Amino acid sequence: MTPTSRYTPSEIEARWQSVWEKHEIFKAVRSADKPKYYVLEMFPYPSGRIHMGHVRNYTLGDVIARYKLAKGFNVLHPMGWDSFGLAAENAAMQKGIHPGEWTYQNIADMKAQMKPLGFSLDWSREIATCHPDYYQHQQAMFIDMIEAGLIYRKNAIVNWDPVDMTVLANEQVEQGRGWRSGALVERRELTQWFFKISDYSDELLSALDTLENWPAKVRLMQENWIGKSRGLQFAFSTVNAPDGHDRIEVYTTRPDTLLGASFVGISPDHPIAKLLERDNAEVAAFVAECRKGGTTEEAIETGEKLGMDTGIRVRHPFDTAQELPVYIANFILMDYGTGAIFGCPAHDQRDFEFATKYGLPIISTYLPSEDAADELSEAYVPQKTEKVFYNRGFAGEQWQTGLEAIDAAIAFCESQGVGQGVTKFRLRDWGLSRQRYWGCPIPVVHCDDCGVVPEKKENLPVKLPEDVTFDIPGNPLDRHTEWRTTPCPSCGKDALRETDTMDTFVDSSWYYARFTAPHADTPTVMEDAEYWMNVDQYIGGVEHAILHLLYARFFARAMQITGHLPQKAIEPFDALFTQGMVTHAIYKSVGADDRPIFHYPEEVDLKGDKAFLKESGAEVEVIPSAKMSKSKNNVVDPLSIISDFGADTARWFVLSDSPPERDVEWTASGAEAAYKHLNRVWNLCERISVMDQGRTGDGNDDLLKQMHKAIHDVTMAIESFGFNAAIAKLYGFTAAIHKSDASQAVQREAILTLAQLMSPMTPHLAEDIWAKLGGESLIATASWPVADEAMLIDDTVTLPIQVNGKRRGEIDVPADMPKDEVEKLALAHEAVVRILEGGTPKKVIVVPGRIVNVVV
RNA sequence: GCGGGCGUGGUGGAAUGGUAGACACACCAGACUUAAAAUCUGUUGGGCGUAUGCCCGUGGGGGUUCGAGUCCCCCCGCCCGCACCA
């Protein structure tokens, strides 16, 4: 049979997209009589080009959105642009274009590239964070948050990126380097704005337990990042210390090792160290050395413990005759705990190394057993949950776990007036000031008389000036006198605007809320937020597990406090899904100068698992599956895939080959296979559409059963994010229709159902089949098919028969046959009879509908 | 170092504790064709004197169970996150 027409995705995809657009199928309108469903994919930075990662991310979201729409939900599925950021300024410097012009052009380009993919997006809600329509509301909320005490200014030692010439938050420093520039981060003292996220440490931590539909991995990463610890804070009294320092406060999570203390260490940034530094050249030199090394990779790798005896001594709180030396040590951080520790070399490897180096005593407080040697060759550091023998314990039993001993030690110390139990967090306040142009201006004014004054709300937005240049390093706002000069909102005198802008993570911390009322003249509208929030399903890369997702959780709380979000939105993302990357093989050869040459996929021919250059025929090395990267030339451009095969093929393939949480390898053969399959479905539709309508055929019930099974299986698979499994079922169902000899009516019903089940993945092809075979209205608005339970039950089942757990045969029995009859049949099976040799089995296990196991 | 995850054919991957390898790729064979492409059909975990039979097989070793890829313990390997955090 020859098809009367060919599958031409370019034609049908454009056609259906315009139909959907015309009918505003995906426009979300609040409606009291329908349950809502909010699907959100992490919005993109407008680099100007979409990549396969975007295609995968938005396809996953689109499958959910279209499925939920078919299930009768009022679906909100918006898209926007995370469009402030450094790349625009870099482009401005390199190409002499204004960052805004560059950004808006990229947005237009990317949108044009996304449209052909046919996502069910409500473009009427599109937002761009760099637009004053968006950031004026961010400025308004900033002012509210200052008033609510959620934002403050302080002098702080900050991470300074010397390449990007800006401050970075702790979260943005990776291995001592800037997360974007890769430059070694320096320390600078600046006056900065901070969000009081640390006030919410405990809350952000405990609320993680409520996020049941988040990946455990992400919750754990946040838990570790927040870093809660319980310990004892107390003071050593000093001997011969400088005036005003008759005590040194320390914090420890192991107060049970207090009797093993052999020294006190203070940070090079500790006030005492700073005091000594002033009039002691030796100390000054040492401290300078520590600071220099502090953040370098080298220092972390070698990890050499450096210390310097200050000459100061402290008294042990439980044995005042015992005096401990006070060292300045390079491994003690000023911003954790109190910036001072006591060292217990017996039970801390780092302290052990330090004590060995400087000849300090090593005193154990607990041992693995009562008769264990008290001389240690390395620190003894068991798990806190392990029971150990306390030879120098001072609270509780001699045999107890570390945890018990710590609790007992805190209680004992508190009762003796030596310090108190304290809970500390690793999470620091979020520094949001950036010395950049292309960000949301911080809406405050610095007045000589009134100090720091928030801008009046009626003066918002504080718009970025357009007339700026990037020919000089640094922030152009600093040198824009006209823009900077403004009347003080409080006294009206000439004053200066703040020239720092906000960290772009602020922009992405509330965009999900803005989508619920994207054109409102307030940041949010309560009724809309009340209706649409929370995001029912959020989808994005795991790389945002800490930064973005923690900030957004904080921001939702801050917005709730300032009246911009309802209480219910305090955790804005009900369910989170983190998808894997799209990877591709790398084709590599070695050039004349021994340098690797990376070949583009289109430059090589694949023969089996080997690859040869098209030009020369030379074999090249195939490095399996790595993240798509421009430098490795293993990038596949979605646009070329769409023009070769169509959007449906691209969508089908990224879903089909791997579970969505795992990486998927893009292969040319896989993409072609997807295309071939869609062609088969198309041809099948052609066959049925020209078939004689009066045709009766055979196996009608059989095909209908397979159809209901497919409805059931595909629905279950979609519900559980098993899109690859759903597609496997769809392959099977397609083959069943293909082989079927059923009547035209039944085949038509089957393929219409197939089209519906495929429609979340390949919406254009599905729509076309629907139209061709006379489906009612549009498939995009059709209700999801429901499996008939009665059709799922088979009359007869094939039961495998095992003897001692090994399969020896099978029997076909009616599905409702009683257990004892099944047992009789099984025992009569020739393989069982042969093995039993006339004996009787010890036991027969019949699992109805599943298996029979005979134990001999 | 701490925390988490993963390990199944040539490949990507399926398997509510119940027939391991669904589905797809690749390979091989066949049909159609002058030929090729496309399309269609079929085979494909390993082994056994070739079978409607048997043995082995989910990183390795042990255990629980009538039955383990799946649950428990130990080990090995790979991946990810965090890390001078007191």
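Every chain is numbered from 1, with letters handed out A, B, ... down the list of sequences. Note that this is a predicted model, so its numbers are computed, not measured.
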Taking pairs as Watson-Crick (N1-N3 plus N6-O4 or O6-N4) or G-U wobble (N1-O2 and O6-N3), each distance under 3.5 Å, the stems of three or more consecutive pairs with RNA chain B are B:1-7 with B:76-82, B:10-12 with B:23-25, B:28-31 with B:39-42, B:45-48 with B:53-56, B:59-63 with B:71-75
Quiz item: Can the ring centroids of Phe354(A) and Tyr327(A) be said to lie less than 6.0 angstrom from one another?
Solution: yes
Please give, in whole Å, the distance from [N] [atom2] to [X] [atom1]?
{"X": "Trp666(A)", "N": "C25(B)", "atom1": "CH2", "atom2": "C1'", "result": "14 Å"}
{"X": "Gln349(A)", "N": "C2(B)", "atom1": "CD", "atom2": "P", "result": "12 Å"}
{"X": "Asn804(A)", "N": "U65(B)", "atom1": "CG", "atom2": "C1'", "result": "13 Å"}
{"X": "Asp657(A)", "N": "A14(B)", "atom1": "CG", "atom2": "P", "result": "10 Å"}
{"X": "His347(A)", "N": "A86(B)", "atom1": "NE2", "atom2": "P", "result": "16 Å"}
{"X": "Met334(A)", "N": "C84(B)", "atom1": "CE", "atom2": "P", "result": "17 Å"}
{"X": "Lys217(A)", "N": "C6(B)", "atom1": "NZ", "atom2": "P", "result": "10 Å"}
{"X": "Leu799(A)", "N": "G67(B)", "atom1": "CG", "atom2": "P", "result": "19 Å"}

[N] to [M] separation - [atom1] atoms, rounded to the nearest Å:
{"N": "G45(B)", "M": "C28(B)", "atom1": "C1'", "value": "16 Å"}
{"N": "A83(B)", "M": "U16(B)", "atom1": "C1'", "value": "40 Å"}
{"N": "C75(B)", "M": "U65(B)", "atom1": "P", "value": "24 Å"}
{"N": "G49(B)", "M": "A14(B)", "atom1": "P", "value": "37 Å"}
{"N": "G77(B)", "M": "G67(B)", "atom1": "P", "value": "32 Å"}
{"N": "G30(B)", "M": "G10(B)", "atom1": "P", "value": "25 Å"}
{"N": "C54(B)", "M": "G4(B)", "atom1": "C1'", "value": "44 Å"}
{"N": "G61(B)", "M": "G69(B)", "atom1": "P", "value": "13 Å"}

Hits for side chain to side chain contact (heavy atoms under 4.5 Å, CB included) against Leu825(A), two or more places apart or cross-chain, chain-then-number order -> Ile811(A), Val813(A), Met817(A)
- prompt: Hey, is G4(B) sitting syn or anti, using the within-90° cutoff around 0?
  reply: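 Nucleotide G4(B) adopts anti.
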Does [X] put a side-chain nitrogen or oxygen below 4.0 Å from OP1 or OP2 of [N]?
{"X": "Asn224(A)", "N": "A83(B)", "value": "no"}
{"X": "Tyr731(A)", "N": "A24(B)", "value": "no"}
{"X": "Arg662(A)", "N": "C79(B)", "value": "no"}

If you take any heavy atom closer than 4.0 Å to RNA chain B, which residues from residues 578-586 of chain A end up in contact?
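Residues of residues 578-586 of chain A that come under 4.0 Å of RNA chain B do not exist, since none gets that close.
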In short, side-chain hydrogen bond (donor to acceptor under 3.5 Å, both in side chains) pairs touching residues 718-734 of chain A with sequence neighbours left out are Tyr67(A)-Glu719(A), Trp652(A)-Tyr731(A)
What are the two closest non-hydrogen atoms of Gly307(A) and Tyr358(A), and how far apart are they?
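So the minimum-distance heavy-atom pair works out to N-OH, 2.8 Å.
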On RNA chain B, more 5' by nearest nucleotide between Ile727(A) and Ile845(A) is Ile727(A)
Assert: residue with more 5' nearest nucleotide on RNA chain B, out of Gln802(A) and Lys729(A), is Gln802(A)
For Pro660(A), is there any backbone N or O sitting under 3.5 Å from a side-chain donor or acceptor partner on Gln579(A)?
no
Could you list all N or O pairs between the protein and nucleotides 37-39 of chain B that sit under 3.5 Å apart?
none

Side chain of Ala728(A) - closest among C23(B), G13(B), C66(B):
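For Ala728(A), the side-chain atoms sit closest to C23(B).
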Whether over 12 other heavy atoms sit under 6.0 Å from Arg247(A) CZ:
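12 or below, so no.
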Review item, nucleotides 54-57 of chain B N/O atoms under 3.5 Å of protein N/O:
{"unit_1": "C54(B)", "atom_1": "OP1", "unit_2": "Arg808(A)", "atom_2": "NH1", "d": "3.4"}
{"unit_1": "C55(B)", "atom_1": "OP1", "unit_2": "Arg808(A)", "atom_2": "NH2", "d": "3.4"}
{"unit_1": "C55(B)", "atom_1": "OP2", "unit_2": "Arg808(A)", "atom_2": "NH1", "d": "3.2"}
{"unit_1": "C56(B)", "atom_1": "OP2", "unit_2": "Lys806(A)", "atom_2": "NZ", "d": "3.4"}

query: Relative to the ring of Phe723(A), is the ring of Phe721(A) parallel (under 30°), tilted (30 to 60°) or perpendicular (over 60°)?
result: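 Because their plane-to-plane angle lies in the 30° to 60° range, the rings of Phe721(A) and Phe723(A) count as tilted.
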Is there a donor in the side chain of Tyr7(A) and an acceptor in the side chain of Thr649(A), or the other way round, less than 3.5 Å apart?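 Looking only at side-chain atoms, Thr649(A) and Tyr7(A) do not form any donor-acceptor pair under 3.5 Å.
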